[in-house]
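Let me give you the structure first, and then I'll get to my questions.
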Amino acid sequence: MTSINPDAANNFIKDIINDDIAQGKNGGRVHTRFPPEPNGWLHIGHAFAVNLNYHLALSYGGKFNLRFDDTNPLKEEQEFVDSIMADVKWLGADWEDRLFFASDYFEQKYQFAVYLIEQGLAYVDDLTAPEMREYRGTLTEPGRESPYRNRAVQENLDLFARMRRGEFPDGSRTLRAKIDMQSPNLNMRDPALYRIRHAHHHRTGGTWCIYPMYDYAHPIGDYLENITHSLCSLEYADHRPLYDWVVEHMGHAFPASGRPQQTEFGRVSLSYTVMSKRKLRRLVEEGHVASWDDPRMPTIAGLRRRGYTPSAIRAFCGLCGVARKNVVMDLALLEHCIREELNAKAPRVMAVLRPLKLVLENYPEGQVEWLEVGNNPEDPQSGTRLVPFSREIYIEQEDFMEVPAKKFHRLTLGGEVRLKGAYIIRCERVVKDPDTGEITELRCTYDPLSKSGGEQSGRKVKGTSHWVSAPHAVEAEVRLYDNLFSQADLGDAGEGDFMIHLNPSSLVVLDDCKVEPSIAAAVPGSRYQFLRQGYFYADPECQANGRLVFNRIVGLKDTWARG
RNA sequence: GGGGGAUUGGUCUAACGGUAGGACGACUGACUCUGGAUCAGUUUGUGGAGGUUCAAAUCCUUCAUCCCCUGCCA
């Protein structure tokens, strides 16, 4: 079990839990849950919530449930249940045998509603939706009581039973809690508990035509599952009095030893991207990204496809603040987490993304040397591999400048550079296309005494370049992913306007890359550091058709490019 | 003249009346057969005003700003 930052300072939720344990609440148990609605894909913000709930339970020796909040058949689909389960599992949160659905409790919820009616705490209302809105009042004005508010218990019981039987059309009636139309908290102005929806539910099919509302269903689910700490996002703080109202009456109807309590925390979002379902959907529907799992998307599926590891995402979540305010985390922190992990673990290989042919005029034609190169300087255990070297090689176009810029450390006309793991070379001539003036080839010489690891290899030059032997080079496609948006905080860009900040270069596809032969058979899903370029992921889907495709997960930090 | 929540450097966070610290980023330098990594260092902060106190980021008052709430969504 990978832990997130176990030494992290306490957060306010831990403070609350510690107090609860000290007071013996719920017998000192800690039991959390992650309650997604199966109506979309999980994103990095959800990962934070999953992680928070799971690791809180874990660190207190408690339990963690996965519970789908499927009370609205119009929006929910099995497809999302499947993808969410896969994502939560991939993130490493283990619900063991505690997979639940709000719909598992529809019958109990119905019985409890009957109890509320009997107690005079709920009534069937015939108001239409627009009427109900009008009766509700406004933020600054109290509401008015529905004319149906004081129906007799028997009439309510009868009407509610007939609602269940399907005698009334959608929208014609609701079951409402009888609380307080004067409350300054709109959630307490006789909130709807049930609405009529003659719709097919992904799990219960056509069994029901009345469906409970979130505010009613959620606390019941928590209560029935013996949840102790029901964590949710900030916007539900106003709903807490209603949550408590339901729990309190559940306690009377179905006495149990435990009582769940709701605590709100701030959502986590990321800079240079968007998080709202609506905006993510627009990106897909308008074709700005290929799909929900496009490697530029902040969805779990997208991050996975990009090449992020669950452990890096967990580490990131552990570094995020748990606070009573929504936060926008710096993308750089997420990138730091994957770099840190991959720096330690990823094998290094040489890949030339934008090749420039280079001929070593004094290197014997037809000769091939297999040079031993270290796999990872950070990991002595990682060993070495053999890389072929020959008269014709490729180097990176940007590693040569005929007229060097200030502080340029690599190859220049008449200058020297070391080829990583091989020899020091000197550029003698530049061959150009006579028409375009474009550099097509470099004619160079090598210093035979400078061979890496050789006795006389100690000579220093100011730069080192990566390279690939031309006759041995393997063709690959490389997809350079970058920030989806060029502006860090899209929050204040007007609605609908955020698209103007799309980064036109969020994806650059290079299809003429040359990689060293050692990764010709790269295992799909494996990760490498392309020397001096970044960390890359052998794309599992694109690999399928026999073509090598690598996704750039994240670039290396590059102090030269920055300057 | 509604209710709820929040405010510590560029970002996130610690402090629970007693030296404002950390992470990421940025910048310097060292080192380097990756301009990576590593190491050393630097920079930037308690929203404002009052008050309580020997002592306030922390407690009180007040102002300001930001977020959420008028679905038969969650």
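To find a chain, count down the sequence lines: A is the first, B the second, and so on, and within it residues start at 1. All values derive from a computational prediction rather than experimental measurement.
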Inset, instruction - Would you tell me if any nitrogen or oxygen in the side chain of A:R133 comes within less than 4.0 Å of OP1 or OP2 on B:G71? - result: yes
Inset, instruction - Assign A:S271 to base, sugar-phosphate, or nothing according to its heavy-atom contacts below 4.0 angstrom with the strands shown. - result: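 No contact at all - A:S271 keeps every heavy atom at 4.0 Å or more from the nucleic acid.
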Inset, instruction - Check every atom of B:A74, B:G2, B:G35 against the side chain of A:T140 and return the nucleotide holding the closest atom. - result: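 Shortest atom-to-atom distance from the side chain points to B:G2.
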Inset, instruction - Assign A:L127 to base, sugar-phosphate, or nothing according to its heavy-atom contacts below 4.0 angstrom with the strands shown. - result: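 Answer is base: heavy atoms of A:L127 come under 4.0 Å of a base.
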Legend entry - Proximity to the side chain of A:D238 - top-ranked nucleotide from B:U34, B:C69, B:A23: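 Nucleotide nearest to A:D238's side chain: B:C69.
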Inset, instruction - Would you tell me if any nitrogen or oxygen in the side chain of A:R532 comes within less than 4.0 Å of OP1 or OP2 on B:G35? - result: yes
Inset, instruction - Give a yes or no on whether the backbone of A:I227 and the side-chain of A:D222 come within a donor-acceptor separation of less than 3.5 Å. - result: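 Side chain of A:D222 to backbone of A:I227: no pair is present.
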Inset, instruction - Assess A:R195 against A:Y211: is NZ or CZ under 6.0 Å from the centre of the six-membered ring, and within 45 degrees of the ring's axis? - result: no
Inset, instruction - Give the nucleotide from the list B:U13, B:U70, B:A74 with an atom nearest to the side chain of A:K325. - result: B:U13
Inset, instruction - Please work out if A:G453 contacts a base, only the sugar-phosphate, or nothing of the nucleic acid, heavy-atom cut-off 4.0 Å. - result: base
Inset, instruction - Look at A:R410 and B:G35 and indicate whether a side-chain polar atom (N or O) is within less than 4.0 Å of OP1 or OP2. - result: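 Yes, within the criterion.
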Inset, instruction - Would you classify A:G321 as touching base, sugar-phosphate or nothing, given that sugar-phosphate means primed atoms plus P, OP1 and OP2, and contacts are heavy atoms under 4.0 Å? - result: sugar-phosphate
Legend entry - Nucleotide of B:C72, B:C69, B:A37 approaching A:R195 most closely (side-chain heavy atoms): B:C72
Legend entry - N/O donor-acceptor pair, side chain A:E378 with base B:G36, under 3.5 angstrom: yes
Inset, instruction - Quick one: label A:P35 by what it contacts on the DNA or RNA (base, sugar-phosphate, nothing), any heavy atom closer than 4.0 Å. - result: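 The answer is nothing, as A:P35 stays clear of every strand by at least 4.0 Å.
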Inset, instruction - Answer with base, sugar-phosphate or nothing: what part of the nucleic acid does A:N343 contact at a heavy-atom distance below 4.0 Å? - result: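 Base: the residue A:N343, judged by heavy atoms under 4.0 Å, touches a nucleobase.
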Inset, instruction - Using the P atom on both, measure B:U11 against B:C67 and round to a whole Å. - result: 16 Å
Inset, instruction - Search all heavy atoms of A:T71 against all heavy atoms of A:E76 and return the closest pair with its distance. - result: N-OE1, 3.4 Å
Inset, instruction - Measure distances between side-chain N and O atoms of A:E141 and base N and O atoms of B:U70, and say whether any donor-acceptor pair falls under 3.5 Å. - result: no
Legend entry - Pair of N/O donor and acceptor under 3.5 Å linking B:U34 base with A:R348 side chain: yes
Inset, instruction - Using a 4.0 Å heavy-atom cut-off across all strands, classify A:A344 as base, sugar-phosphate, or nothing. - result: nothing
Legend entry - Shortest side-chain distance from A:L556, nucleotide among B:C73, B:G71, B:U34: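 Looking only at heavy atoms from C-beta outward on A:L556, the closest nucleotide is B:U34.
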Inset, instruction - Could you tell me whether A:Y211 contacts a base, only the sugar-phosphate backbone, or nothing, with contacts defined as non-hydrogen atoms closer than 4.0 Å? - result: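 Nothing, no nucleic acid heavy atom in range.
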Legend entry - For B:C27, the Watson-Crick or wobble counterpart (both distances under 3.5 Å):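 Pairing partner, where one exists within any strand: B:G41.
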Legend entry - Inter-nucleotide C1' distance (B:U28, B:U43), Å rounded: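 Rounded to whole Å, the distance is 10 Å.
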Inset, instruction - Classify the nucleic acid contact of A:A332 as base, sugar-phosphate or nothing, counting any heavy atom under 4.0 Å across all strands shown. - result: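 Answer is sugar-phosphate: A:A332 comes under 4.0 Å of backbone atoms only.
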Legend entry - Geometric cation-pi criterion A:R527 and A:Y537, 6.0 Å radius, 45° cone: no
Inset, instruction - Look at all strands and tell whether A:F408 reaches a base, only sugar-phosphate, or nothing, counting heavy atoms closer than 4.0 Å. - result: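 Answer is base: heavy atoms of A:F408 come under 4.0 Å of a base.
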Legend entry - B:A37 versus B:A14 - spacing of their C1' atoms, nearest Å: 28 Å
Inset, instruction - Select one nucleotide: of B:U70, B:C24, B:A74, the one nearest the side-chain heavy atoms of A:H336. - result: B:C24
Legend entry - Within 6.0 angstrom of A:R151 CZ, more than 12 heavy atoms from elsewhere: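 Count over threshold, so yes.
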Inset, instruction - When you get a sec, tell me which of B:A74, B:G25, B:U34 is the closest nucleotide to the side chain of A:K557? - result: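 The listed nucleotide nearest to A:K557's side chain is B:G25.
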Inset, instruction - Name the nucleic acid region contacted by A:M132, choosing base, sugar-phosphate or nothing; use a 4.0 angstrom heavy-atom cut-off, strictly under. - result: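 The residue A:M132 makes base contact.
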Inset, instruction - Look at all strands and tell whether A:V461 reaches a base, only sugar-phosphate, or nothing, counting heavy atoms closer than 4.0 Å. - result: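 It contacts nothing in the nucleic acid.
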Inset, instruction - Compare the aromatic ring of A:W560 with the six-membered base ring of B:G35 and state whether they stack according to the 5.5 Å and 30° rule. - result: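 So A:W560 counts as stacking on the base.
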Legend entry - Centroid distance under 5.5 Å and plane angle under 30°, A:H218 vs B:A74: no
Legend entry - From B:G10, B:G35, B:A74, nucleotide with atom closest to A:H239 side chain: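 Output: B:A74.
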Inset, instruction - Could you please name the partner base of B:U32, counting Watson-Crick and G-U wobble pairs only when both distances are under 3.5 Å? - result: none
Inset, instruction - Under 4.0 Å between any heavy atoms, over every strand shown, what does A:N72 touch: base, sugar-phosphate, or nothing? Just pick one. - result: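 The answer is sugar-phosphate, as A:N72 gets under 4.0 Å only of primed atoms, P, OP1 or OP2.
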Legend entry - Presence of A:R136 side-chain N/O under 4.0 Å of B:G71 phosphate oxygens OP1/OP2: yes
Inset, instruction - Sticking with atom P, work out how far B:U62 lies from B:G25, rounded to a whole angstrom. - result: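 My reading of the P atoms in B:U62 and B:G25 gives 43 Å.
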Inset, instruction - Tell me the partner of B:A15, counting only Watson-Crick (N1-N3 plus N6-O4 or O6-N4) or G-U wobble (N1-O2 and O6-N3) with both under 3.5 Å; none if nothing fits. - result: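 Check on B:A15: unpaired, no WC or wobble geometry under 3.5 Å.
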Legend entry - A:K109 to A:Y216, cation-pi by 6.0 Å centre distance and 45° axis angle: no
Inset, instruction - Return yes when atom CZ of A:R354 has more than 12 non-hydrogen atoms of other residues, nucleotides or ligands closer than 6.0 Å, and no otherwise. - result: no
Inset, instruction - Tell me which nucleotide among B:G3, B:C73, B:C33 gets nearest to the side chain of A:K460. - result: B:C33
Inset, instruction - Look at all strands and tell whether A:D15 reaches a base, only sugar-phosphate, or nothing, counting heavy atoms closer than 4.0 Å. - result: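 Counting heavy atoms under 4.0 Å across all strands, the contact made by A:D15 includes a base.
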Inset, instruction - Check whether the side chain of A:N39 and the base of B:C73 form a donor-acceptor pair under 3.5 Å. - result: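 When only heavy-atom distances are counted, A:N39 does not reach the base of B:C73 through any donor-acceptor pair under 3.5 Å.
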Legend entry - Side-chain donor-acceptor pair present, A:N376, A:K345, cut-off under 3.5 Å: no
Legend entry - Rounded distance in Å between the C1' positions of B:G10 and B:A26: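 About 8 Å, rounded to a whole number of Å.
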Legend entry - Base orientation of B:G71, syn vs anti, 90° cut from 0: syn
Inset, instruction - Using Watson-Crick or G-U wobble geometry with both distances below 3.5 Å, tell me the partner of B:C66, or none. - result: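 B:G5 is the nucleotide pairing with B:C66.
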Legend entry - Residue closer to the 5' end of RNA chain B, A:D330 versus A:H409 (nearest nucleotide): A:D330
Legend entry - Closest to the A:R324 side chain, choosing from B:A6, B:C24, B:C69: B:A6
Inset, instruction - With A:K451 as the cation and A:Y423 as the aromatic partner, state whether NZ or CZ is under 6.0 Å from the six-membered ring centre and within 45° of the axis. - result: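 No.
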